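Fair warning: this is a prediction, and the values are worked out from it, not measured in the lab. Naming convention: chains lettered A, B, ... in sequence-line order (proteins, then strands); numbering from 1 in each chain.
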Number of protein chains: 2
Amino acid sequence: MHLRMDKGSPGWELWRTFDAVLREGSLSSAARALGLTQPTAGRHIAELEARLSTGALFTRSARGLQPTEAARVLAPHAATMAAAAAALVRTASAPADAAAGVVRISASEVIGAEVLPPIVTALHAAHPALTFELLLTNASSDLLRRDADLAIRMTQPRQQALLAKSVGSIRLGFYARRDYLARFPPIESAADLARHAVIGFDRDVTSLRSINAVWPDLPSFALRTDNQLAQIAAVRAGFGIGVVQEPIASRDSALVPVLRDTFTAHLPIWIVMHEDLRSTHRMRITFDALVEGMAAHVGASALQH
Amino acid sequence: MHLRMDKGSPGWELWRTFDAVLREGSLSSAARALGLTQPTAGRHIAELEARLSTGALFTRSARGLQPTEAARVLAPHAATMAAAAAALVRTASAPADAAAGVVRISASEVIGAEVLPPIVTALHAAHPALTFELLLTNASSDLLRRDADLAIRMTQPRQQALLAKSVGSIRLGFYARRDYLARFPPIESAADLARHAVIGFDRDVTSLRSINAVWPDLPSFALRTDNQLAQIAAVRAGFGIGVVQEPIASRDSALVPVLRDTFTAHLPIWIVMHEDLRSTHRMRITFDALVEGMAAHVGASALQH
DNA sequence: CCTTGTCCATGCGAAGATGCATAGCAGCCC
DNA sequence: GGGCTGCTATGCATCTTCGCATGGACAAGG
């Protein structure tokens, strides 16, 4: 007779489907994501709800499961577990001493689209068995929670568990296309900007605040978007004047700096990784490549200007 | 026909026994810890080894499983997963809005033995359904990794994901029992200490270094131990002169400060918790109780001297 | 109004995971 | 050396859990 102790902690598999249901919003969808079937996912959730002293986790409806307060409280922990599990399979994707396997890199959208591709390409050419995952988000994801292995950060990380290296800083400036500027009166002071098409942020308070620091009386924007890639694209298309990272702008000969001496800001660049990954060769390789690549990127513009 | 995809990530249960085997050092012991049997634990490890591209995880021997390099690389991630799972069951130990359930507190040994008991007692008297786990270690455990819910720290935490509150600082000073001092010539300068029985650290470099900062030419210790509780006990027993936290020393009328004006140091005290726990009532209650209790503890001695 | 697509719940049979029992092996102590 | 105790590996019966096939409910769209 199997007298299974039904005391004790719930099995970790249950937490896995719990996390999937939170992420996907329905049993069916979660089951698809996990390679299970909807009935099993349902049974997992039912078993969790039966075991926990916290009451129902979801309210069932015909268009999915909606998390209750109890589930929302548990959510971040489950996410942590999922991140650790993902890190586990990533780390185990190749022997620790091989230049092979998966590396997950977190960076901003702009860096990911404009700067990272050549660096990653060169690295992949040198080590074809290395594969990459890019987590491109402006909200700096948590290295300590293992959302990524490596990160390119715009601030100095303060956690001692992290291995960080500074590679200089990127200058930010206003840019516009030469032919745009030719069509309008010259810009000689900040006040002149008021009569121009300025590209800026929409509701991203963080960026708005930092812009405001260097540009206290900002004019109304003619084009608002929080997507910085779209901002750069708009500048390139000749829409008007926008903030562009200098090393990126200087690659396009059609772009001209505007009020270069009046407005200036610098983004410090740090390459960061978790200490635990130091002994994994591919992490080390990628770390070094990022350091070198970003340093070259930062330095290149310094020479051109 | 069950055509189970044997691609995909390994099940989380496998990671659970992996972690247990790392912790316990053998299949049998891990199985006992998890409520499984040794054969299943063995099969779990075997399945992991078969699926991972990393080769064998353990070398079997007659006295247990020894982790290979591959397993050592994976270990911290598995530990993170385990910590998150533990946090999960802790958080689910009671409804979020109830003054009930488990709270795990991390603190130093000294705080845990000398200061925490009355605070926790009062809190438990007020909320009998609240239960506590004390993680007493001098190596500050990782709140971000959910090793604990709350922590009493001696440094200001720098992570923005943490909710921290300062409650003042504890003064450290040299103390000895009155009758010990009576048996020896009076101490009037630092040089006099050389002829006394001084209690100090053994090989704890962190503490040695911080002591050295306030006491550059420290004499040889007559009693060395890294266990600070033992140090305090030795002072209380009249062995000689040792460093004691002032609020603790001042509770014992037999203890007298030595060279109070010459040597002094302050430990800032912070109560810290993870932001995610803010919405869990028992965490909030305990946080407030710790703030209040520690503030009273710190403040009490300030009044007495 | 009916059709279609989505979702969750339930019953049933089969595959797979677990436990038990056993065998084999290495160290330790008397 | 023999007995004892810890460990792992393997075979087999069994129980648990899974997937499949349904059924019912709800919302969207023609």
K.L.:
Got a sec: does the CD of B/E69 have more than 12 other heavy atoms crowding it under 6.0 Å?
P.N.:
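Counting other residues, nucleotides and ligands, CD of B/E69 exceeds 12 neighbours.
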K.L.:
Select one nucleotide: of D/dG19, D/dT8, C/dA26, the one nearest the side-chain heavy atoms of B/S26.
P.N.:
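Per side-chain heavy atoms of B/S26, the pick is D/dT8.
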K.L.:
Expressed in angstrom and rounded to an integer, what is the separation of B/E24 atom CD from D/dC7 atom C1'?
P.N.:
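Answer to the nearest Å: 14 Å.
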K.L.:
Can you check the B/L65 CG to C/dA26 P distance for me, whole Å?
P.N.:
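For the pair B/L65 CG and C/dA26 P, the rounded distance is 16 Å.
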K.L.:
Do A/S108 side-chain atoms and A/I111 backbone N/O form a donor-acceptor pair below 3.5 Å?
P.N.:
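At least one qualifying donor-acceptor pair exists.
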K.L.:
Taking atom C1' of C/dA23 as reference, at what distance in whole Å does atom CD of B/Q38 sit?
P.N.:
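To the nearest whole Å, that distance equals 12 Å.
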K.L.:
Have a look at B/G42 and say if it touches a base, only the backbone sugar-phosphate, or nothing, with a 4.0 Å heavy-atom cut-off.
P.N.:
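The answer is nothing, as B/G42 stays clear of every strand by at least 4.0 Å.
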K.L.:
Output the rounded distance in Å from CZ (B/F58) to P (D/dA9).
P.N.:
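So the CZ-P distance, B/F58 to D/dA9, works out to 12 Å.
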K.L.:
Where each residue is assigned the nucleotide of DNA chain C containing its nearest heavy atom, which of B/T37 and A/L27 is assigned the position nearer the 5′ end?
P.N.:
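So the residue in question is A/L27.
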K.L.:
Rounded to the Å, how far apart are A/Q66 CD and C/dC8 P?
P.N.:
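Rounded to the whole Å, the gap is 13 Å.
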K.L.:
Taking CD from B/E47 and P from D/dA9, how many angstroms apart are they, rounded to a whole number?
P.N.:
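One finds 15 Å between P of D/dA9 and CD of B/E47, rounded.
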K.L.:
To the nearest 0.5 Å, what is the distance between CG on A/N227 and CD1 on A/I232?
P.N.:
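Between atom CG of A/N227 and atom CD1 of A/I232 there are 9.0 Å.
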K.L.:
More 5' along DNA chain D: A/R63 or A/P39, using each one's nearest nucleotide?
P.N.:
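Its nearest nucleotide lies further toward 5', so the answer is A/P39.
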K.L.:
Please determine, for the side chain of B/S28, which listed nucleotide (D/dC7, D/dT10, C/dC8) has the closest atom?
P.N.:
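Shortest atom-to-atom distance from the side chain points to D/dC7.
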K.L.:
Let me know the distance between CZ of B/R32 and C1' of C/dT18, rounded to the nearest Å.
P.N.:
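Distance check: B/R32 CZ to C/dT18 C1' gives 18 Å.
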K.L.:
Between D/dT8, C/dG19, D/dC18, which nucleotide gets closest to the side-chain atoms of B/R43?
P.N.:
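The answer is C/dG19.
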K.L.:
Taking only side-chain nitrogens and oxygens of A/H44, does any of them come within less than 4.0 Å of OP1 or OP2 of D/dT17?
P.N.:
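Negative; the distance criterion is not met.
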K.L.:
So, OP1 or OP2 of C/dG19: does either fall under 4.0 Å of a side-chain N or O from B/T40?
P.N.:
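Answer is yes, contact under 4.0 Å.
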K.L.:
Nearest-Å distance, CZ (B/R60) to C1' (D/dG6)?
P.N.:
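The distance from CZ of B/R60 to C1' of D/dG6 comes to 17 Å, rounded to the nearest Å.
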K.L.:
Inspect the surroundings of CZ in A/R63 and state if more than 12 heavy atoms from other residues, nucleotides or ligands are less than 6.0 Å away.
P.N.:
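Atom CZ in A/R63 is not crowded, with 12 or fewer foreign heavy atoms closer than 6.0 Å.
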K.L.:
Could you tell me which non-hydrogen atom of B/R90 sits nearest to which non-hydrogen atom of B/R282, and how far apart they are?
P.N.:
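Here B/R90 and B/R282 meet closest at O-NH2, 2.8 Å.
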